[in-house]
Each structure stands twice: as C-alpha cells, then as structure tokens.
Number of protein chains: 2
Amino acid sequence: MGKSDTTSVNRKAEIISAAIEVFAEIGYYRATTAQVAQRAKISQPYIFRFFSSKEALLLAALEVSWTRVIDSFRKVMESSLSEQLESDLIRAYDEILDSYQNEILLQMQAQTIQENSIREEMRKGFEEVRRIVLDAFRDAGIPNSKERTMLFLARGMLCNISTVLDMPELMEK
Amino acid sequence: MGKSDTTSVNRKAEIISAAIEVFAEIGYYRATTAQVAQRAKISQPYIFRFFSSKEALLLAALEVSWTRVIDSFRKVMESSLSEQLESDLIRAYDEILDSYQNEILLQMQAQTIQENSIREEMRKGFEEVRRIVLDAFRDAGIPNSKERTMLFLARGMLCNISTVLDMPELMEK
DNA sequence: CAAGTTAGTGATTCATCAATTACTTCTCTA
DNA sequence: TAGAGAAGTAATTGATGAATCACTAACTTG
C-alpha cells in the first residue's frame, strides 16, 4: 500500500479524529495512546505505524484544527461584502466553536505546551489567522485595521474561554 | 507545631511557589511531585504532609495566582482616578505578566483541565475579576461598562497568549 | 499458486510516578 | 537530661504508559 492509496489515509485521519476527541476531553499529557486507539477502534501499537510518537500525533491534530479555522476564514473573505465582513468572520468562528469545540480545546491546551515543534505550529497558526483577518479588514477599507484585528482576535480568545468554562456572562455586552 | 506557627506556613508557601514554577515550565500533568520537591529543596514525600494530593497542590497554586490578580486590581480601584482607571488596570496586569508569568501560564493550563474542583476555582477567579472590573468601570462612570469590561478581559486573554508564545505582533495596534 | 506486501494484534519491556510506610534527627522544655 | 513532639527522609509499592517486538491473517500480482 502506497501513500496514494486511500485506505491508509483514511486510517490516519480516523486516528487523528480520535486523538482530537480524547486529547481534548482528557488532556494531552494525561490521555493515553491506548485510549486514542480504543476510540479509533484499533490496537494501541498500530498508532505507531502512522505516527512516530504521541507528540507527532498531537502535531497532526493541531494542523487539522488550524486548517479548519484558516479555510473557514478564507472562504468568508472570498464571499463576504465589506460591510458585513467582521460579523461574517464572527459567525464563521462561532460555527467552528459549535461544531468543532474539541479542536479549539486542543489549541487552548497547546498554547501552554513548551515543546518546540508544538510552539512553532501554534505560532504559525496564529500568525496565519492574523494575516488573513488583517488583509481582509484592509481590503474592506476598515480603518485602524491593525487595532480592529487585535480586538477581533482578543474577543475570539475570550470566547474560547467563555465556551470551555461554560461562562456565557464573560461575553455579555 | 500547630497551624499558628509560621514555620509550616512558610514551608507550605515555599512548596506552592516551587509548584507554580515547575507546573508552569513543564505542564501540570507531565510535571512530577519529585521535581516540585527538588525545586523546594525538600524530599518528595514531604509534599504530602502539606497537600493531600498533587491536585490539591495545583488548587492551592491557582488560588495564589488568582489572589495576585484580584488584590492588584482592588488596589488600583481604590487609588485610581476615573479618567485613568482602565489604563491603570492595564498597567497593573502588565506588571503581573512581567513579574509572575508562571502564575498566568498556570491559569492558562487550568483553563482546559476538566477536573471539577479545578474548573470551579477557575470560574470563581474569572467571575471575581469580572465583577471587580465591571464595578470599577461603573463607579468611574464609564459608558457601556459591560462591553468595556468584556473587551478589557478579551485583550487580557490575548495578551497572555502573545506573551507565552512570544508573539508581540498579536497585540500591535 | 507462490511469494511478497499490507493490515493488524498480543505480549512484553522499561521507565516513571503518586502515594505510603517506617524510620531518623532535631528542638524544646519540665 | 529525658523524652515528647516536630521536621524531615529513604525505601518501597502498586500502577500505569509509550514504544517495541514478534507474530498472524488477508490480499495481490506475476
């Protein structure tokens, strides 16, 4: 079976999905590869045919989660009118938080992990999201786009916390 | 030695300080009580004379970190003029981030920990900080104080991330 | 159909860790 | 100065977990 066959690609994606769930629910360091395997309905050692280590699996899971946000924002940017750009971006992020909470929870965990490969992936993700939002605001002719971008990201981060701690009052206006 | 003697109180505080450092640097779940003990220059089992479990130690560390923020904000509230209230609060928080980064890093970790006692401590901390800021904004006659409070907290959360990931550009205006 | 390749697992290894136990050493003070 | 309590540790325990190894079964292709 080569890289081009879809079987192994699906298996890999299944393992990543299971890992996102288990890591988010239990915490990356506390979660065991056996738990991930159980969720993916495979044996524990089989994970290591696809990922060289538990950390490599986390990295793959983070990539998926950042791609989710970035693709979603890009899509908004392409289709949204200038006047409703920001509200469309907010809506897009709310939908991600609703449908893929685990991926955001995993990102939040990864914010404080010190391993270099993880930190770099997180920096890359944040930087790319910031770039997209800033360019979109500028294209839309929004004044003070840098500050508006910062505030957009800031509200997003508080929204994460409000969601995972189940404290809706934190976002009240 | 009773509870009123300062020796044991100091030891307890020393252990908490060591735990804040080690948990922040290494991650709560990955850090070992032996590492905390080494940092505190005591033996590993001695920790359990003061804390019934590793989790109880984390809880104590979180209490310290929230008290730091709350006391600091209360002090600002008492002494600050209305016009500079928000900038004084920002300055106070910046100083905490500068001098006690590890405590903030620990709070960030705890945001995603699912244990009930930890979640409750985090909710309590956030709720109390929000209360203080909101009351202060209202007292100062700031309009839209609820939204302003939300934005203040939001910027704080982004500032945390910007600091721990060493990405100053995230806070650029 | 034979021989290679892919998919997958059970058992094991080696290291690590939270927590307990049982012990020693130090410090007052009656 | 005896001895009671406080401060502290070494050694152990019992469990757990990432990663490896050795193996089997099922496909596929010349």
Side-chain angles (χ1 to χ4, degrees), chain A residues 1-62 106 109-110 113-115 117-118, chain B residues 1-62 106 109-110 113-115 117-118:
Chain A
M1 184 199 67
K3 282 258 168 189
S4 58
D5 185 31
T6 54
T7 310
S8 81
V9 171
N10 287 344
R11 263 284 176 272
K12 202 170 177 179
E14 282 165 24
I15 295 172
I16 292 172
S17 290
I20 288 169
E21 286 180 31
V22 172
F23 289 170
E25 285 168 21
I26 303 188
Y28 169 68
Y29 285 121
R30 211 179 35 145
T32 71
T33 55
Q35 289 169 309
V36 173
Q38 190 173 34
R39 189 76 57 116
K41 288 171 188 153
I42 56 165
S43 67
Q44 178 258 341
Y46 199 39
I47 290 175
F48 293 89
R49 284 253 191 267
F50 298 89
F51 303 94
S52 62
S53 65
K54 190 185 176 187
E55 192 180 308
L57 176 54
L58 171 61
L59 210 56
L62 285 175
L106 193 60
Q109 283 183 40
I113 292 180
Q114 310 285 340
E115 312 301 307
S117 59
I118 305 299
Chain B
M1 183 200 69
K3 282 257 168 191
S4 58
D5 184 32
T6 54
T7 309
S8 81
V9 170
N10 288 344
R11 264 282 177 270
K12 200 170 179 180
E14 282 166 23
I15 295 171
I16 292 172
S17 289
I20 288 169
E21 286 180 30
V22 172
F23 289 169
E25 285 169 21
I26 303 188
Y28 168 68
Y29 285 120
R30 212 179 35 145
T32 71
T33 54
Q35 289 170 310
V36 173
Q38 189 173 35
R39 190 75 57 111
K41 287 170 188 154
I42 56 166
S43 68
Q44 179 259 340
Y46 198 41
I47 290 175
F48 293 88
R49 282 251 192 270
F50 297 89
F51 303 94
S52 62
S53 65
K54 192 186 175 186
E55 192 180 307
L57 176 55
L58 171 60
L59 211 54
L62 285 174
L106 193 60
Q109 283 183 39
I113 291 179
Q114 310 285 338
E115 313 300 308
S117 60
I118 305 299

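Below, each value reflects all heavy atoms present in this structure, side chains not excepted, and no hydrogens, waters or symmetry copies. Chain letters run A, B, ... following the sequence lines, proteins first and then strands; every chain starts at 1.
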- Item | Value in whole Å for how far the P atom of dT16(D) lies from CD of Gln38(A) | 14 Å
- Item | Nearest-Å distance for atom pair CG/C1', residues Asn10(B) and dA6(D) | 15 Å
- Run the numbers on Glu14(B) and Ile42(B) for side chain to side chain contact (heavy atoms under 4.5 Å, CB included), then give the verdict. CA-CA 10 Å; Glu14(B) 282 166 23; Ile42(B) 56 166; 5.9 Å; no
- Item | Verdict with supporting geometry, Phe23(B) and Val36(B), side chain to side chain contact (heavy atoms under 4.5 Å, CB included) | CA-CA 8 Å; Phe23(B) 289 169; Val36(B) 173; 3.8 Å; yes
- Task: Scan residues 52-61 of chain B against DNA chain D and write down, sorted by residue number, each residue with any heavy atom closer than 4.0 Å; if none is found, say none.
- Result: none
- Rounded to the nearest 0.5 Å, what's the gap from CZ on Phe50(B) to CG on Leu57(B)? Could you check? 11.5 Å
- Message: Tell me whether Lys54(B) forms a cation-pi arrangement with Tyr29(B), defined as NZ or CZ under 6.0 Å from the six-membered ring centre and within 45 degrees of its axis.
- Response: no
- Task: Write down the distance between NZ (Lys41(B)) and P (dG8(D)), rounded to a whole number of angstrom.
- Result: 14 Å
- Query: Is Ile113(A) close to Leu58(A) at the side-chain level, that is, under 4.5 Å between some pair of heavy atoms?
  - Reply: yes
- Rounded to the nearest Å, what distance is computed from the CD1 atom of residue Ile47(A) to the C1' atom of nucleotide dA7(C)? 15 Å
- Query: Rounded to whole angstroms, how far apart are OH on Tyr46(B) and C1' on dA19(C)?
  - Reply: 17 Å
- Message: Using a 4.0 Å cut-off on heavy atoms, which residues in residues 15-36 of chain A reach DNA chain D? List them by number, or say none.
- Response: Ala31(A), Thr32(A), Thr33(A)
- Item | Selected nucleotide, minimal atom distance to Ser43(B) side chain, candidates dT9(D), dA19(C), dA19(D) | dT9(D)
- Between CZ of Phe50(B) and P of dA6(D) the distance, given in whole Å, is 12 Å
- Message: When you measure from the side chain of Gln35(B) to the backbone of Val22(B), do you find a donor-acceptor pair of N or O atoms at a distance under 3.5 Å?
- Response: no
- Closest listed nucleotide, where the reference is the side chain of Pro45(A) and the choices are dA11(C), dT9(D), dA18(C): dA11(C)
- Message: Using side chain to side chain contact (heavy atoms under 4.5 Å, CB included), reason through Phe51(B) and Ile16(B) one step at a time and then give a plain yes or no.
- Response: CA-CA 10 Å; Phe51(B) 303 94; Ile16(B) 292 172; 3.5 Å; yes
- Message: I'd like to know whether CD of Glu55(B) has more than 12 heavy-atom contacts from other residues, nucleotides or ligands below 6.0 angstrom.
- Response: yes
- Message: Side chain of Gln44(B) only, heavy atoms from C-beta on: which candidate in dA18(C), dT9(C), dA11(C) is closest?
- Response: dA18(C)
- Task: Assess whether atom CD of Gln38(B) is packed by more than 12 heavy atoms of other residues, nucleotides or ligands within 6.0 Å.
- Result: no
- Message: Would you compute the distance between atom CD1 of Ile20(A) and atom CD1 of Ile15(A) and round it to the nearest 0.5 angstrom?
- Response: 12.5 Å
- Task: Measure the distance from CZ on Phe48(B) to P on dA18(C) and round it to the nearest whole Å.
- Result: 7 Å
- Roughly how far apart are Arg30(A) CZ and Glu25(A) CD, rounded to 0.5 Å? 11.0 Å
Using the 3.5 Å cut-off, write out each protein N or O paired with an N or O of nucleotides 22-28 of chain D and the distance between them.
none

